[in-house]
Amino acid sequence: MLDLRYLRENADEYRQALKRRGMDDQNPLLDELLTLDAEWRHTTVERDRLREEQNAASKRIGALKRERKNADALIAEMQSVARRVHELDKRLSVQRARLDEIQMTLPNPPHADVPDGADENDNVVVKEWGEPKPLDFEPLPHWTLGERLDILDLPRAAKIAGSGFAVLKGDGARLTRSLLRFMLDQHTQRGYTEIWAPALANRASMSGTGQLPKFEEDMYRAAGHAHDLFLIPTAEVPLTNMHADEILDAESLPIRYCGYTPCFRREAGAAGRDTRGILRVHQFDKVELVKIVPADASYDEHESLLADAEHIVQLLEIPYRVVLMCAGDLDFKGAKQYDIEIWSAGEGRWLEVSSVSNFEAFQSRRAGIRYRPAPRAKPEYAHTLNGSGVAVPRLLISLLENNQQADGSVAIPPALAPYFGAERIG
RNA sequence: GGAGAGAUGCUGGAGCGGCUGAACAGGGCAGCCUGCUAAGCUGUUGUGGGGCUUACGCCUCACCGAGGGUUCGAAUCCCUCUCUCUCCGCCA
């Protein structure tokens with residue numbers, strides 16, 4: 001969500017931002033917002049003036065009653081004022097609701113560092129690490145490897161829950177567990193506090209981080225509750241909303257959390273070439289990193305967050321590249337975003353395992369995450385950031401496919417071996 | 001799931017239709033005082049919206065869990081919801 005005052009005073013600048021995102025700079029919603037905002041303020045002035053009158057009259061009525069004098073004339077007079085105030089309040093709440101609705105759907109303006117571009121073809125590779133190792137045999141895709149090693153069972157997962165789910169078995173399950181422990185240990189050693197949080201979240205939390213109202217159809221909703229609960233698509237939701245509606249002390253920042261949760265995504269309409277294997281599943285495990293920082297620190301913290309996520313794939317010795325998203329491919333809530341893409345030998349392509357974003361105050365304004373820069377200073381919105389550190393299934397894909405041996409076994413990277421308890425599978 | 005109790009400012013805790021943006025106590029901050037520490041005295045202390053102003057700022061409205069309602073007027077009365085606590089039931 002954007003500051004209404006910013007939009008009011010910098011509408012042209014914001015139109016340029018929309019244009020960079022490949023959207024219509026004459027966005028009718030923006031025009032409606034600005035008009036409605038002016039009307040709302042106008043109505044507010046009138047309502048407040050009447051309220052003032054009402055408050056003064058109430059005082060006088062109270063005084064008259066105490067002196068046992070007649071106040072009927074004044075009361076009768078104030079009845080019409082009360083009716084008018086009621087009308088205006090109704091109008092204001094309708095206007096406010098629409099203002100909020102529009103405000104919640106306008107995207108974050110891209111940061112100045114974000115390159116121009118229309119889609120993923122204009123993203124910029126800013127870093128490459130490691131070399132995809134050439135294999136002297138035809139590499140197998142992970143679903144074949146998983147089946148042969150008896151560690152992945154997709155047909156039975158489909159029987160239990162439907163397509164797009166996975167059953168991991170034996171060393172497959174153990175590999176997942178060891179990866180989660182390994183990643184969490186790395187991050188806590190680097191200064192993150194580990195959090196275990198609910199995997200369901202309410203509507204307010206989902207709006208706070210920006211999954212709602214625009215992306216409701218991407219999520220699973222839990223039925224049978226008086227209020228709405230959604231299965232979280234990422235631990236970003238609980239970790240960021242930990243501090244919703246709080247005013248934090250400056251000393252408590254930066255806050256750095258890491259947490260493992262299952263993640264649930266409908267992935268509606270994603271059927272096609274990406275659905276084979278476990279590349280795109282409805283439920284997957286992920287370790288997420290979240291930071292809540294003072295506004296002036298967020299871009300430095302963004303770089304170090306990226307480094308923390310990279311650290312994981314480096315230790316696992318997976319070739320990867322870092323991609324800076326162009327304005328047209330940027331997430332609607334992000335101001336700047338890097339993706340980490342790891343090499344997958346069986347697929348012969350790069351797979352996104354982490355998206356590292358700086359949201360500036362976009363989320364904190366929605367969620368009400370503020371801090372006091374100095375003991376007596378006015379509260380300001382904190383900046384929030386997050387990044388996967390990292391998602392498990394694609395890590396599995398890459399580890400299996402890249403490290404497969406001619407004899408059909410798979411080597412486990414030395415850094416992970418102590419967690420996994422062996423140096424190979426099969 | 002059933003029954004009951006409750007939710008007030010940074011904290012504890014009063015208020016139960018007008019004199020309450022909120023007693024009282026504690027904490028924080030500022031000043032005074034005290035040769036140190038402690039104590040004492042005085043003042044001050046929230047958030048958000050809007051308007052005015054070159055500016056320090058001034059005015060005004062809202063906020064006593066959330067949302068509705070009654071009323072000239074609501075922290076106080078009514079309804080719905082959320083959360084917390086106690087008891088019963090159920091359950092891994």
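Since the model is a prediction, treat every value here as computed from it, not as a measurement. To find a chain, count down the sequence lines: A is the first, B the second, and so on, and within it residues start at 1.
- Across A:Val392, A:Asp285, A:Leu231, a single residue satisfies side chain to side chain contact (heavy atoms under 4.5 Å, CB included) together with A:Pro262, and that is A:Asp285.
- Taking the P atoms as reference points, B:U44 lies 11 Å from B:A22, given to the whole Å.
- OP1 or OP2 of B:U60 has not a single side-chain nitrogen or oxygen of A:Arg49 nearer than 4.0 Å.
- Toward the 5′ end of RNA chain B lies the nearest nucleotide of A:Glu52, the other residue of the pair A:Ala76 and A:Glu52 mapping further downstream.
- Contact annotation for A:Arg8: backbone-only contact, meaning every heavy-atom pair under 4.0 Å involves sugar-phosphate atoms and none involves a base.
- Atom NZ in A:Lys69 sits about 22 Å away from atom P in B:C72, given to the nearest Å.
- Within the 4.0 angstrom heavy-atom criterion, only backbone atoms of the sugar-phosphate kind lie near A:His86; the bases stay farther away.
- Rounding to whole angstrom units, CD of residue A:Glu46 and C1' of B:U60 are separated by 15 Å.
- With both ends at atom C1', the span from B:G9 to B:A5 equals 23 Å, rounded to whole Å.
- Residues A:Tyr320 and A:Gln314 have side chains that bring a donor and an acceptor to within less than 3.5 angstrom of each other.
- The gap from the P atom of B:C19 to that of B:A62 amounts to 13 Å, rounded to the nearest Å.
- Using P as the reference atom, B:G65 and B:G12 are 13 Å apart when rounded to the nearest Å.
- Taking a pair to require two hydrogen-bonding distances under 3.5 Å in either a Watson-Crick or a G-U wobble arrangement, B:U11 pairs with B:A25.
- B:A14 and B:C87: their P atoms are spaced 22 Å apart (whole Å).
- Here, B:C10 and B:U86 have their P atoms 26 Å apart, quoted to the whole Å.
- Nucleotide B:U71 is matched to nothing when pairs are restricted to Watson-Crick or G-U wobble geometry with both distances under 3.5 angstrom.
- Contact annotation: A:Gln54 does not reach the phosphate of B:C72 (side-chain N/O to OP1 or OP2, under 4.0 Å).
- Salt bridge A:Arg84/A:Glu87: present, at least one basic N to carboxylate O contact under 4.0 Å.
- The nucleotide B:C36 finds no pairing partner, because no Watson-Crick or G-U wobble arrangement with both distances shorter than 3.5 Å includes it.
- If you check B:C72, B:G50, B:G48 against the side chain of A:Arg41, the one that comes closest is B:G50.
- A residue-by-residue look at A:Val45 and A:Glu53 shows that A:Val45 has its nearest nucleotide of RNA chain B further toward the 5' end.
- Atom-to-atom, NZ of A:Lys65 to P of B:C19 comes out at 14 Å; the value is rounded to the nearest Å.
- For B:C16, there is no paired nucleotide, since no Watson-Crick or G-U wobble pair has both relevant distances below 3.5 Å.
- In this structure, A:Asp100 places its CG atom 13 Å from C1' of B:G48, rounding to the nearest Å.
- Checking the phosphate oxygens (OP1, OP2) of B:G50, a side-chain nitrogen or oxygen of A:Arg5 falls inside 4.0 Å.
- When atom types are taken as modelled, the side chain of A:Ser364 and the backbone of A:Ala382 share a donor-acceptor pair closer than 3.5 angstrom.
- Nucleotide B:C58 is matched to B:G51 when pairs are restricted to Watson-Crick or G-U wobble geometry with both distances under 3.5 angstrom.
- At the heavy-atom level, A:Arg372 lies under 4.0 Å from the strands shown only through sugar-phosphate atoms.
- Rounded to an integer number of Å, the gap from CG of A:Leu229 to P of B:C81 is 16 Å.
- Two residues are said to be in side-chain contact when any heavy atoms from C-beta on lie closer than 4.5 Å; A:Arg96 and A:Asp100 meet this criterion.
- Atom-to-atom, CG of A:Asn202 to P of B:A66 comes out at 16 Å; the value is rounded to the nearest Å.
- Applying the 4.0 Å criterion to OP1 and OP2 of B:C61, one finds that A:Asn55 has a side-chain N or O inside that range.
- Between A:Ile247 atom CD1 and B:U11 atom P the separation is 11 Å, expressed in whole Å.
- Using P as the reference atom, B:U70 and B:G51 are 29 Å apart when rounded to the nearest Å.
- A:Gln363 and A:Thr384 share a side-chain donor-acceptor pair at under 3.5 Å.
- Close to B:G18, at under 4.0 Å from its OP1 or OP2, lies no side-chain N or O of A:Arg66.
- Here the nucleotide nearest the side chain of A:Arg47, chosen from B:C61, B:G50, B:U70, is B:C61.
- Residues A:Ser58 and A:Asn55 bring no donor and acceptor atom of their side chains to less than 3.5 Å of each other.
- With B:C61, B:C72, B:U47 as the candidates, the nucleotide lying closest to the side chain of A:Arg51 is B:C61.
- Centroid-to-centroid, the aromatic rings of A:His383 and A:Tyr299 stay 6.0 Å apart or farther.
- Remark: B:G4 base-pairs with B:C85. Criterion, Watson-Crick or G-U wobble with two distances under 3.5 Å.
- Between the NZ atom of A:Lys59 and the C1' atom of B:U71 there is a distance of 18 Å, rounded to whole Å.
- Separation of the A:Phe362 and A:Phe332 ring centroids falls under the 6.0 Å cut-off.
- At the heavy-atom level, A:Ala57 lies nowhere under 4.0 Å from the strands shown.
- Contacts of A:Arg96 with the nucleic acid, taken as non-hydrogen atoms under 4.0 Å apart, are absent.
- Taking the C1' atoms as reference points, B:C91 lies 48 Å from B:U20, given to the whole Å.
- For A:Lys90 and B:G69, the shortest distance from a side-chain N or O to OP1 or OP2 is below 4.0 Å.
- Among the nucleotides B:A62, B:G48, B:C72, the one closest to the side chain of A:Lys378 is B:G48.
- Evaluation of atom-type donor-acceptor distances gives a pair under 3.5 Å for the side chain of A:Asp48 against the base of B:G49.
- Pairing partner, B:A30: B:U42, with both Watson-Crick or wobble hydrogen-bond distances short of 3.5 Å.
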